[in-house]
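Report on one structure; see the data block that follows.
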There are 2 protein chains.
Amino acid sequence: MADKKLSLHLDFHSGLPIYTQIVNQIQSQLVNKMLKPGDQLPTVRALAQELRVNFNTVARAYRILDEARIISTQQGRGTYIIEVPPPEISEKLRYESLTALTHRFISEAFRLGFSEREVVQMVRDSLKSWKEANEEDNE
Amino acid sequence: MADKKLSLHLDFHSGLPIYTQIVNQIQSQLVNKMLKPGDQLPTVRALAQELRVNFNTVARAYRILDEARIISTQQGRGTYIIEVPPPEISEKLRYESLTALTHRFISEAFRLGFSEREVVQMVRDSLKSWKEANEEDNE
DNA sequence: CGAATATTGTACTAATTGTATCATTGTAAC
DNA sequence: GTTACAATGATACAATTAGTACAATATTCG
């Protein structure tokens with residue numbers, strides 16, 4: 001369940017595009033903890049109806065937020081706030097989490113019988129294709 | 001008793017379709033020997049109930065695995081891991097498994113905000129300490 | 001054995017979701 | 001006034017999951 005009411009207030013005379021207002025307010029609500037990682041946002045159609053705008057306008061806002069890695073939109077499923085790590089966790093905890101994650105990965109890979117070289121190669125390949133798939137991200 | 005519990009863990013917000021997650025995890029469990037040739041999988045309805053999804057979603061996953069010659073689904077009988085997996089399928093599965101594992105690892109690391117350099121470094125360190133801990137030769 | 005019933009996977013359809021493409025509108029620059 | 005462009009709307013589409021009816025096989029029981 002996921003319907004946060006997401007009360008957004010649009011100003012149709014402000015000169016700011018609707019989709020920009022939607023983007024800004026969702027970002028604000030995330031910062032204000034009114035939205036939390038993992039939360040499902042209303043569907044494009046539901047939010048559009050609530051705001052009395054075309055659902056493509058909502059979709060455009062969602063697309064911008066998706067490209068900014070703030071939300072994850074999934075065709076046929078819905079739209080969710082991305083689960084990002086709280087920025088306030090310490091460096092130490094941050095590294096411990098990466099260490100644990102990597103350790104689990106390595107053990108699993110070895111359990112599958114792969115050699116160190118194969119593992120390293122796969123990590124390289126995976127990083128490479130990940131970067132390629134996310135080209136548009138830089139600025 | 002044929003029913004392995006088949007503990008699968010779905011992430012409904014991960015962006016991967018449910019049926020894909022089911023496919024991947026069954027493949028993994030086969031490569032990990034948690035599933036063996038001849039094992040019977042839960043019925044589409046049983047697994048669906050356990051995972052709280054529609055049984056057609058499970059059926060879709062089973063169909064994909066069936067087409068990949070990994071399992072054999074038999075109407076009225078049940079679903080079984082294929083008896084003699086051709087070697088090329090085993091090898092293919094093994095690599096697909098590592099690929100999926102690595103991809104999950106990379107995504108998770110980036111999701112936690114680590115850079116490519118940090119990830120690579122951590123993999124190196126982890127491999128190194130793993131080798132030292134197991135004191136084995138080679139390379 | 002044989003018929004009735006239960007169990008299992010299959011096929012087809014529907015509903016819900018986001019996506020892509022183009023048309024319309026409004027405003028600013030020329 | 002005309003043109004150019006950005007914002008929004010309309011329409012058709014694709015992906016995922018759910019609903020319903022059915023077919024094949026197994027099991028039960030006379």
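Please read these numbers as outputs of a predicted model, since none were measured by experiment. Letters A, B, ... mirror the listed sequences (proteins, then strands); counts begin at 1. Atoms considered below: every heavy atom in the structure, side chains included; atoms not considered: hydrogens, waters and symmetry mates.
- Here C/dC12 presents its P atom at 17 Å from CG of B/Asn54, a figure rounded to the nearest Å.
- By the neighbour-count criterion of 12 heavy atoms within 6.0 Å, atom CD of B/Glu50 is densely surrounded, having more than that number from other residues, nucleotides or ligands.
- Residues B/Ile64 and B/Tyr19 are in side-chain contact: their nearest non-hydrogen atoms beyond the backbone lie under 4.5 Å apart.
- For A/Phe55, the side-chain contact (heavy atoms from CB on, under 4.5 Å) partners two or more places apart in sequence, or in a different chain, are A/Val44, A/Arg45, A/Ala48.
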Query - B/S/- contact track for nucleotides 17-24 of chain C, protein heavy atom under 4.0 Å - result: BBBB----
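- Scored by the salt bridge (Lys or Arg N to Asp or Glu O under 4.0 Å) test, A/Glu96 finds A/Lys92 as partners (sequence neighbours excluded).
- Protein chain B contacts DNA chain D from D/dT16 to D/dA26, reading 5' to 3' and using non-hydrogen atoms of the protein with a distance under 4.0 Å.
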Within the sub-3.5 Å range, which N or O atoms of nucleotides 4-6 of chain C have a protein N or O partner, and how far apart are they?
none

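- From B/Leu30, atom CG reaches atom CG of B/Leu41 across 9.5 Å, with rounding to the nearest 0.5 Å.
- Within residues 8-23 of chain A, no residue approaches DNA chain C, by heavy-atom distance under 4.0 Å.
- With sequence neighbours excluded, the residues that form a ring pair (Phe, Tyr, Trp, His ring centres under 6.0 Å) with B/Phe105 are A/Phe105.
- Residues forming a side-chain contact (heavy atoms from CB on, under 4.5 Å) with B/Arg63 (at least two apart in sequence, or on another chain): B/Glu67.
- For B/Gln29, the side-chain contact (heavy atoms from CB on, under 4.5 Å) partners two or more places apart in sequence, or in a different chain, are B/Leu6, B/Leu8, B/Met34, B/Leu35.
- In this view, A/Asn24 satisfies the side chain to side chain donor-acceptor pair (under 3.5 Å) rule with no residue, not counting sequence neighbours.
- Residues satisfying the ring pair (Phe, Tyr, Trp, His ring centres under 6.0 Å) criterion with B/Phe114, sequence neighbours excluded, are A/Tyr95.
- Using modelled atom types and a 3.5 Å distance limit, the side chains of A/Ser72 and A/Gln74 yield a donor-acceptor pair.
- Take B/Glu116 and apply the side-chain contact (heavy atoms from CB on, under 4.5 Å) test, not counting sequence neighbours, and it matches A/Leu127, A/Lys131, B/Phe110, B/Val120.
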